[in-house]
Amino acid sequence: MKEKDSARVERAVEVAKKAHEGQFRKTGEPYIIHPLAVKKILEEWGMDEDTVIAGILHDAVEDTPLSLDDIRKEFGESVAFLVDGVTKLSTARNGMRDIDTYLPETKDNFLRLMIALGDDIRVLIIKLADRLHNLRTLSALPPDKQKKIAKESLEVFAPLADRLNMGRLRVEMADLAFKYVDPKRFEELEDMINKYNKLAERSLKQIEKEVGDALSKEKIKYEISGRVKSVYSLHKKLAKHNQNINEIYDLTALRVIVDDVTDCYLTLGIIHSLYTPMSGRIKDYIAMPKQNGYQSIHTTVITKDKRVVEFQIRTREMHEYAEHGLAASFYYNEQKLTENYKKGKIEHLPTNLLWITELQMTAAKLREGKKVDLKKLKLNLFADKIFVYTPKGDIIDLPKGALPLDFAYRLHSEIGDHVVGVKINGKMSNLNKKLEQGDIVEILTSKNQTPKTSWLEKIFTPHARHKLLHTLNDSSKSSSNEKPIPPIRKK
Ligand code: MN
């Protein structure tokens, strides 16, 4: 971070101070506290100067006599565009009405606006900084407003942060908000986590040391630290697992940060040689990044004192990206990125942030007056998952992009290993066909079938990939040039 503000930033602070003079926040503090806090957040995220300036001025047009033209004249087109975007986003909210009708409408309006503003994702980043500070100071508002803002944050802003892979922001926002949405539950879960961590503390220290020693012996440079599970993500996980805490395997997690991808896989091997890995719990998000670009290898192991611990292994760069997401890539590519934004290009964005490209393409279509399927886009923005059905009507949830083999391996590896074909919605289809929301999927098997190496290309989920590799590994040490398979020690 810069120690000293540039003259332009200093000037923006001056202008904002003057514009907000005599205004106060609900906390009783002078209003300027808020834009300055937003400035600080954006600087911490490593955002470019125009974004920081727009952050300082983000409430000025809506709440003060300052006009967009004033801002354009003094700070240029780019800052004016960003401030205008943030102003439009806040007017897109629907005022104080019944929360149940309010949220869907807000989501819809937001979506329309995001599409319109999709040209410059920095608008969303300013809005997220704005919301973060408002959440941090939420206690000053009356309870009904608190609840509304908190709920909206959980349902709109935290998922948005997740889509931008801003992990640290997502966690802070969700926990701040959840505390207001369900205070009793929050406290309960927080207690649970604290107690658990206290119990685990000593043995975690021991594990840290064991792993550290083993890595040093192999001359791998590393950093290792514990990560605390957030209250809200525990809440969501418990809901998925019938409130059974014994099914939550990542309550305790250790994060190992190493120099490069090769070291990630070596580290995985070393951890597996120390402890027993739980089968089906290795997730290779390096080979298969999450949709938001998240990369890491996760593995859950059982330690010598029978403790279940999740390891997350990643490089420094992956770590930065997991914590700060899109904002981090601004930091790394600031020059290039702002240049390209001016030219209206975004192809330099990390390829796994394809939804942004999609947003832009949709924006272009809208401008040309073409019809756009908003429902489809909504799914992309607010959910990673699709739900498909077995012929018997059992619901299986899979990540978007999943293929028939993913479905088959999810049912059972015996089924996966013997696939000969697939029927989707009653019709014969093929193994390359992406599954869609609501599909009924029937897997055809034959006991004479054996798994093929070529299937690896017809698989999307790390889970299915792992199962397939496992069988392939067992049946023959094939000589094909696959990725190295991490060693797995069996019990
Ligand atoms: Mn604001």
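Predicted model only: the values in this text are computed from it and were never measured. In listed order, ligands and their atoms are each counted from 1.
Looking at Asp130 and the Mn ion (ligand 1) together, the shortest N, O or S contact belongs to OD1. For the Mn ion (ligand 1), the nearest N, O or S atom contributed by Asp59 is named OD2.
Within the coordination shell of the Mn ion (ligand 1), defined by N, O or S atoms under 2.8 Å, His58 is present.
For the atom pair NZ (Lys434) and CZ (Phe460), the distance works out to 7.5 Å, reported to the nearest 0.5 Å.
Residue Thr51 comes nearest to Leu42 through the heavy atom pair O-CD1, 3.6 Å, listed as atom of the first residue, atom of the second, then distance.
Classified by interplanar angle (parallel below 30°, tilted 30° to 60°, perpendicular above 60°), the ring pair Tyr285/Tyr294 is perpendicular.
Between the side chain of Ser233 and the main chain of Lys229, no donor-acceptor pair closer than 3.5 Å is present.
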